[in-house]
Amino acid sequence: YGFLQWASKCNSPLIMSTFAMVLAALASGDENAVNVFSFLQLTNSNNSNLLTNPRANSTLLTKYSSICWSTIYSTLSYYNDALLKASDPSSENVFNSSSNFGLKPKGSVVTELGEDSIIYVSGFFQVLSQVAINSSKARAELLESDNYQLFTILTNLLNMNTSLNGSIM
């Protein structure tokens, strides 16, 4: 119980990922999946009022979980945008630099994330998948929320050639 309290307020990516994996494990069965979904939704609504002025509310921010659906969506969206920029052939990269002696890549280029980023994002994929697998009600809420934002993010991530494709599916 102490780990859950501490990890829910921790901002370390590794601890946040571990906490997400614990939530994923707790999401077994329909009722538990709905409870995890509601917990992360409740955390969303609690944090939304506090995030308007973080400096004034810094002591209050530590009372609520650092992981919520908003955190998960914004993190996945951030990595989606970063990977999109990294895989964009018109952006400045190793294949467009003058030091490559005119060499061009053969085949498709796999855009990679660092190990810590993969671990961080994988925890979020775990909690998303377990909540969606175990509750049709929560799955519908996840997919339909914010104008199908999750579906769009996951589709965009799948369209890129990354090591995350297995986790996304």
Of all heavy-atom pairs linking Ala27 and Asn134, the shortest is O-ND2, 3.0 Å
Does Phe39 share a hydrophobic cluster with Ile72, counting links as ILVMFWY side-chain heavy atoms below 4.5 Å and allowing steps through other members?
-> yes
Any chance you could measure Asn35, atom CG, to Gln41, atom CD, to the nearest 0.5 Å?
-> 13.5 Å
Leu143, Val127: one ILVMFWY side-chain cluster at the under-4.5 Å cut-off?
-> no
Taking the inter-plane angle between the rings of Trp69 and Phe37 on a 0 to 90° scale, is it parallel (under 30°), tilted (30 to 60°) or perpendicular (over 60°)?
-> tilted
Exam field: side chain Thr155 to backbone Phe151, donor-acceptor pair closer than 3.5 Å | yes
Of all heavy-atom pairs between Leu83 and Leu157, which one has the smallest distance, and what is that distance?
-> CD1-CD2, 3.9 Å
Counterpart residues, ring-ring contact (aromatic ring centres under 6.0 Å, His included), relative to Tyr73 (two or more places apart) | none
Hydrophobic cluster of Ile119, others only, ordered by chain and residue number, side-chain cut-off 4.5 Å = Leu14
Do the non-hydrogen side-chain atoms of Leu150 and Leu128 ever get within less than 4.5 Å of each other?
-> yes
Kindly state each residue pair satisfying side-chain hydrogen bond (donor to acceptor under 3.5 Å, both in side chains) with at least one member in residues 19-32, sequence neighbours excluded.
-> Asp30-Ser135
Reported CD-to-CG distance for the pair Gln126 and Leu23, which is rounded to 0.5 angstrom = 11.5 Å
Between atom OG of Ser8 and atom CD1 of Ile15, what is the distance when rounded to the nearest 0.5 Å?
-> 11.5 Å
Transitively linked via ILVMFWY side-chain contacts under 4.5 Å: Leu142 with Met21?
-> no
Side chains of Ile67 and Leu40: does their closest heavy-atom pair fall under 4.5 Å?
-> yes
Nearest heavy atoms of Gly123 and Ala20, plus distance in Å | O-CB, 3.3 Å
Indicate, with yes or no, if Met16 and Tyr78 share a hydrophobic cluster defined by side-chain heavy-atom contacts under 4.5 Å among Ile, Leu, Val, Met, Phe, Trp and Tyr.
-> yes
Side chains of Glu115 and Ile118: closer than 4.5 Å at any heavy-atom pair?
-> no
